[in-house]
Number of protein chains: 2
Amino acid sequence: MEDLICFALYAASRSVTAVYRPLLERLHLTYPQYLVMTVLWQRGASPIKEISGALQLDYGTLTPLLKRLETLGYVRRERRPDDERSVIVTLTAEGEALREQARDVPIEITQAMGLTPEATAVLRDTLRQITENTAAYTASQTRSNGSA
Amino acid sequence: MEDLICFALYAASRSVTAVYRPLLERLHLTYPQYLVMTVLWQRGASPIKEISGALQLDYGTLTPLLKRLETLGYVRRERRPDDERSVIVTLTAEGEALREQARDVPIEITQAMGLTPEATAVLRDTLRQITENTAAYTASQTRSNGSA
DNA sequence: GTCGATTAACTTGTGCACGATCTAATCGTG
DNA sequence: CACGATTAGATCGTGCACAAGTTAATCGAC
């Protein structure tokens, strides 16, 4: 039964991503790339560390993803002059312009999911609780396993 | 806001998988491999098509995954004599024995998620509805795009 | 100022996830 | 029986996701 809930989560996540896919294909974006663009649209130029924190994705995922966004011409990657360890990701004019083209994506997704606003609110709270609890659990396990 | 719910789904799914990871590592399984084993434990020997249908994963994902399970010694892959197109996946004795070692995994996961039974039930229903609605949406889009 | 520790990012390797293309076996209809 | 269509599965290429190890810059204690 517990497997069912985890599988339901996994299946629903993939199924929602499948709805995004054709919509984002028009913008030449994948779903994780769209999430990164959303962070940049909302926060403006950000160091990779901040993007990593916002999406909980590590550098091994983000470094090649950001290089692809740079190749597409949507972002620039530049070392910070006052701290050369840090790389700031900045939207190009094209990347900014994309925001307008992506405007209707959330509307389409909401329609496809077909939930009531109440169900959506309950779901959001439950998912946040799961993410919080499981992250805490994983962290506690990491602390106690001797990191061997 | 709608992005938030989709992101919450995506983040929760990855976070739950992260809880499975160390538990399944002891069994030399990944989460998708564990799902395949669960199907086999419940249904017994099955053609790949049935596993694909149960987990909604395509052959491009399952073929290499099943080869890895075969290399581990947990399953055998054999063409069906009466229909050579079909490949039946059968548990080995080791694969059967693994079921006992995996017995406590769902209990640990349930603890880590930390939801009440009521919240779990509501979540399950909502996730199923999302999967159903989005799958229907994707199918309708596929029909109307001229498959060009 | 120097040196060990920390930090931000990159690299490499493994394993999904999925689209597209291919092959071989089976089925259906004339 | 023959042959086009369907079906089950494999293969290849791209892009995440994440662990482990590496590098270069910065910080801190002395």
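Predicted, not measured: the structure shown is a model, and the values here were computed from it. Atom set for the values below is all heavy atoms of this structure, side chains included, hydrogens, waters and symmetry mates excluded. Proteins get letters first, then strands, A, B, ... in listed order; numbering begins at 1 in each.
- In terms of modelled atom types and a separation under 3.5 Å, the side chain of T120(A) and the main chain of T116(A) share a donor-acceptor contact.
- For DNA chain C, the outermost nucleotides in 5' to 3' order that have an atom under 4.0 Å from a heavy atom of chain B are dG15(C) to dT26(C).
- Of all non-hydrogen atoms in S52(B) and D58(B), the two that sit nearest each other are OG-CA, 4.3 Å.
- The CZ-C1' distance, from R85(B) to dT7(D), rounds to 5 Å in whole Å.
- With salt bridges taken as basic N to acidic carboxylate O contacts below 4.0 Å, none links R79(B) and E84(B).
- Proximity of T63(B) to the phosphate of dT11(D): no side-chain N or O atom is located under 4.0 Å from OP1 or OP2.
- Salt bridge annotation for E70(A)-K67(A): absent, with no cationic side-chain nitrogen under 4.0 angstrom from a carboxylate oxygen.
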Along nucleotides 12-18 of chain D, 5' to 3', which nucleotides get a B, which get an S, and which get a -, given that the test is a protein heavy-atom distance under 4.0 Å?
---SSBB
Between L24(B) and Q33(B), is a side-chain contact (heavy atoms from CB on, under 4.5 Å) present by the stated rule, with each step listed?
CA-CA 9 Å; L24(B) 296 179; Q33(B) 287 169 7; over 6 Å; no
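- With hydrogens and angles ignored, the 3.5 Å screen pairs a side-chain donor or acceptor of R14(B) with a backbone N or O of Q56(A).
- Atom CD in E78(B) sits roughly 17 Å away from atom C1' in dA8(D) (whole-Å rounding).
- The aromatic rings of Y10(A) and Y31(B) sit perpendicular to each other, their planes meeting at more than 60°, with 30° as the lower class boundary.
- Rounded to whole Å, atom C1' of dT11(D) lies 14 Å from atom CG of L62(B).
- Atom OH of Y59(A) is separated from atom P of dG21(D) by 19 Å (rounded to the nearest Å).
- Taking side-chain N and O atoms only, K49(B) has no distance below 4.0 Å to OP1 or OP2 of dA10(D).
- When each of S86(B) and P81(A) is assigned the nucleotide of DNA chain D bearing its nearest heavy atom, the one mapping closer to the 5' terminus is S86(B).
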Can you list, pair by pair, the side-chain donor-acceptor contacts under 3.5 Å of residues 37-45 of chain A, counting residues two or more places apart and other chains?
from   : atom 1 : to     : atom 2 : distance (Å)
T38(A) : OG1    : Y34(A) : O      : 2.8
W41(A) : NE1    : G95(A) : O      : 3.0
R43(A) : NH1    : E50(A) : OE2    : 3.3

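- With the nearest nucleotide of DNA chain C identified for both R77(A) and E25(A), R77(A) has the one nearer the 5' end.
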